[in-house]
Amino acid sequence: KQRRSDEVGRAIAVTAGGAACITGETNSGNFPLKNAVQSTLKSGSSYSAFVVRLTSSGAALDFSTFYGGSGRNPAKLAAGGPPVDLDRLT
């Protein structure tokens, strides 16, 4: 049986430099990562949060990573979870 992969955006913000940042959740085994701080889905979790920053033109990924621990944590991220300084992600 093929596993279903989902990505769901939960919040969007724009940095001072004009780059769009998206947080959300995924259970995808092939989620696109770039300069990732956390490059694997956490074990014991059906979904992991993600943080993505696009280039200011919106044409490419500047940064993309999983974010968080086990359990379904994306709602915590979008609702005041640990702060993420979007302009300093590298």
Side-chain angles (χ1 to χ4, degrees):
K1 183 177 176 180
Q2 186 174 358
R3 182 177 137 171
R4 182 177 168 192
S5 294
D6 292 311
E7 288 86 27
V8 178
R10 298 288 184 200
I12 299 174
V14 178
T15 69
C21 298
I22 301 117
T23 61
E25 60 186 313
T26 183
N27 71 348
S28 177
N30 63 351
F31 187 79
L33 300 171
K34 183 170 183 180
N35 302 317
V37 173
Q38 181 179 322
S39 60
T40 57
L41 290 166
K42 290 295 185 181
S43 62
S45 176
S46 59
Y47 283 84
S48 282
F50 65 80
V51 178
V52 171
R53 183 177 65 196
L54 302 175
T55 57
S56 59
S57 70
L61 286 176
D62 186 35
F63 177 89
S64 179
T65 189
F66 296 120
Y67 185 79
S70 63
R72 196 163 183 162
N73 55 22
K76 294 177 193 169
L77 178 65
V84 177
D85 185 342
L86 299 175
D87 288 308
R88 297 188 77 139
L89 292 175
T90 55

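We number each residue from 1, following the sequence as shown.
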Considering non-hydrogen atoms only, spot the tightest contact between D62 and L54 and give its length.
-> CB-C, 4.0 Å
Taking only residues two or more places apart in sequence or in another chain, which ones pass side chain to side chain donor-acceptor pair (under 3.5 Å) with S56?
-> none
Please report the shortest heavy-atom distance between V37 and F63, naming the atom on each side.
-> CG2-CZ, 3.9 Å
Which value, rounded to the nearest 0.5 Å, describes the distance between R53 atom CZ and S64 atom OG?
-> 11.0 Å
Sequence neighbours excluded, which residues qualify as side-chain contact (heavy atoms from CB on, under 4.5 Å) partners of A36?
-> L33, S39, T65
Under the ring-ring contact (aromatic ring centres under 6.0 Å, His included) rule, what pairs show up with a residue in residues 8-32, not counting sequence neighbours?
-> F31-F50, F31-F66
Test side-chain contact (heavy atoms from CB on, under 4.5 Å) applied to V8 and R10, step by step = CA-CA 6 Å; V8 178; R10 298 288 184 200; 3.5 Å; yes
By side-chain contact (heavy atoms from CB on, under 4.5 Å), which residues pair with I12, not counting sequence neighbours?
-> I22
